[in-house]
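I have placed the structure first, in the form of structure tokens, so that the comments after it can refer back to it.
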Amino acid sequence: MGILAVTISGLWSFHLIEEAFVEPVKITVAVGVAGLIFKKFQNKIRNKITMIADKMGHKLFLFCLVVILGLASSVITAIIASLVLVEIITGLKYEKKVETNIVIITCFAIGLGAALTPIGEPLSTIAIAKLRYPPHNADFWYLAKLLWAYIIPEILILGLIASYFHTKTDKAHTLSEDKQENVQDILLRTGKVYLFVMALIFLGTGFQPIIDQYISKLSSAALYWINISSAILDNATLTAAEITHNMTTSQIKAILLGLLVAGGMLIPGNIPNIISAGKLKISSKNWAKLGVPLGLIIMLVNFLILFL
């Protein structure tokens, strides 16, 4: 799709090819290295998690789980944060519905936190790649400076919400990981991330004429609510198809916040949802029961703060 988009738009250049090969390197290395480190400690996480939760108290533990994974995802990547979440949930042995709700809330936090740096998730990688030119001149910390005042308070609030879930144990009905990963799985995923980000760079360039002609002329409020479509369309792909350096800071902020929040509402919206739901066998229906209302509330609050 990316190659076709660039070809149809007639925008091939040596600079684009170089960017497509170089830009995915940082996030790919982060995913690969963090994945191998996680593999080494995978069983220890699962085996000791119940003991840690008992010592801390389950309310404090759940708050820390959401906040730490949400913020750490910007460094260890959203993919590895999701795998850590799967291991922790498998080890906790809470009642299945409680575990499902905790997973959904934590995935919201991971999706938000990963956007703070370009190695956190493909969405942020693509956003920085497209905004590194004037007038924005985006550097490594551009998204953190732009969005921290929204993302960090929301992660803390999500942690508080998670801490109030009832944690009655029912080992007969609990979530568990379908299978543990091996080194081959880690290397395969790392390669997929590289190709995915490369494809998004091509796609974003190919869509540039459409962005300049139509999307960049929409108001910030319209862009914000249009991106509720991120609930069913991967938010990294939408970032590639919508953002351009010609947009105002207000438009960029509206697009990114809309994509990040709506991306948590349904399973296809972002990478943490897809990984966690797939490995723990959470159905789309069960995800939507909490994901949709929670996402709509956060979107409404953000809208009021942004525009009113």
Side-chain angles (χ1 to χ4, degrees), residues 1-28 74 111-112 114-151 193-194 196-227 229-230 233-263 270 302 306-307:
M1 287 175 63
I3 290 170
L4 284 172
V6 177
T7 302
I8 292 169
S9 299
L11 294 174
W12 283 107
S13 68
F14 287 112
H15 172 72
L16 172 62
I17 294 171
E18 179 185 15
E19 183 180 34
F21 277 94
V22 173
E23 199 61 43
V25 170
K26 289 180 181 178
I27 188 172
T28 303
S74 63
L112 288 166
L116 293 173
T117 72
I119 64 171
E121 62 178 335
L123 176 149
S124 52
T125 304
I126 295 301
I128 292 296
K130 299 190 79 173
L131 296 172
R132 64 161 39 99
Y133 308 104
H136 301 287
N137 300 308
D139 58 10
F140 187 89
W141 298 108
Y142 176 82
L143 294 180
K145 290 182 284 189
L146 183 69
L147 301 174
W148 74 269
Y150 303 89
I151 287 176
V193 169
Y194 183 87
F196 181 52
V197 176
M198 176 188 285
L200 291 178
I201 289 171
F202 285 140
L203 192 71
T205 301
F207 270 77
Q208 194 66 45
I210 295 174
I211 298 171
D212 292 340
Q213 183 67 29
Y214 301 105
I215 297 177
S216 64
K217 296 178 181 178
L218 295 173
S219 69
S220 298
L223 289 168
Y224 180 78
W225 286 111
I226 284 171
N227 281 306
S229 59
S230 176
L233 301 170
D234 173 70
N235 56 18
T237 305
L238 288 174
T239 300
E242 290 183 18
I243 286 183
T244 174
H245 65 278
N246 296 324
M247 288 178 165
T248 66
T249 301
S250 175
Q251 287 176 307
I252 293 166
K253 189 185 295 184
I255 289 174
L256 291 175
L257 285 174
L259 290 172
L260 290 170
V261 177
N270 64 23
N302 278 344
L306 277 170
F307 302 109

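Residue numbers start at 1 and run along the sequence shown.
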When you check the side-chain N and O atoms of T244 and S216, is any donor under 3.5 Å from an acceptor? no

Considering only heavy atoms from C-beta outward, does the side chain of I119 approach that of F140 to under 4.5 Å? yes

pair N246-D212: side-chain heavy atoms closer than 4.5 Å: yes

Taking every non-hydrogen atom, the tightest pair across L143 and A127: CD1-CB, 4.1 Å

Between the side chain of Y214 and the main-chain N/O of P209, is any donor-acceptor distance below 3.5 Å? no

Considering non-hydrogen atoms only, spot the tightest contact between E121 and A115 and give its length. OE2-N, 3.6 Å

What's the separation between atom CD1 in I226 and atom CD1 in I215, rounded to the nearest 0.5 Å? 8.0 Å

Between K145 and D139, is there a side-chain heavy-atom distance shorter than 4.5 Å? yes

Grab the two heavy atoms, one from A240 and one from K130, that are nearest each other, plus how far apart they are. O-NZ, 2.6 Å

Closest heavy-atom contact between P122 and I27? N-CD1, 3.6 Å

Check: residues 254-263 side-chain donor-acceptor pairs under 3.5 Å, at least two apart:
none

No-hydrogen, no-angle side-chain donor-acceptor test under 3.5 Å, E242 and N227: yes

Indicate the atoms forming the closest heavy-atom contact of N270 with D234, along with that distance. CA-OD1, 4.3 Å

So if I apply the side-chain contact (heavy atoms from CB on, under 4.5 Å) rule between M247 and each of I211, L131, L218, which one comes out positive? I211

Sub-3.5 Å donor-acceptor pair from the side chain of T117 to the main-chain atoms of S74, do we have one? yes

Assess whether atom CZ of F207 is packed by more than 12 heavy atoms of other residues, nucleotides or ligands within 6.0 Å. no

Shortest non-hydrogen separation from A236 to L200 and the atoms involved: CB-CD1, 3.7 Å

According to the interplanar angle, ranging from 0 to 90°, do the rings of Y133 and H245 count as parallel (below 30°), tilted (30 to 60°) or perpendicular (above 60°)? perpendicular

Pairwise distance NZ(K217) to CG(L223) - rounded to 0.5 angstrom: 13.5 Å

Might you work through the side chain to side chain contact (heavy atoms under 4.5 Å, CB included) test for S229 and L238, ending with a clear yes or no? CA-CA 9 Å; S229 59; L238 288 174; 3.9 Å; yes

OG1 (T125) and CZ (F196) are apart, to the nearest 0.5 Å, by 10.0 Å

Between CD1 on residue I3 and CH2 on residue W12, distance to nearest 0.5 Å: 5.5 Å

Measuring from atom CD of E19 to atom CZ of F202, what distance do you get when rounded to the nearest 0.5 angstrom? 9.5 Å

Rounded to the nearest 0.5 angstrom, the CG-CH2 distance for L112 and W148 is 15.0 Å

Let me see the working for M1 and T237 under side chain to side chain contact (heavy atoms under 4.5 Å, CB included), right down to the final yes or no. CA-CA 11 Å; M1 287 175 63; T237 305; 5.9 Å; no

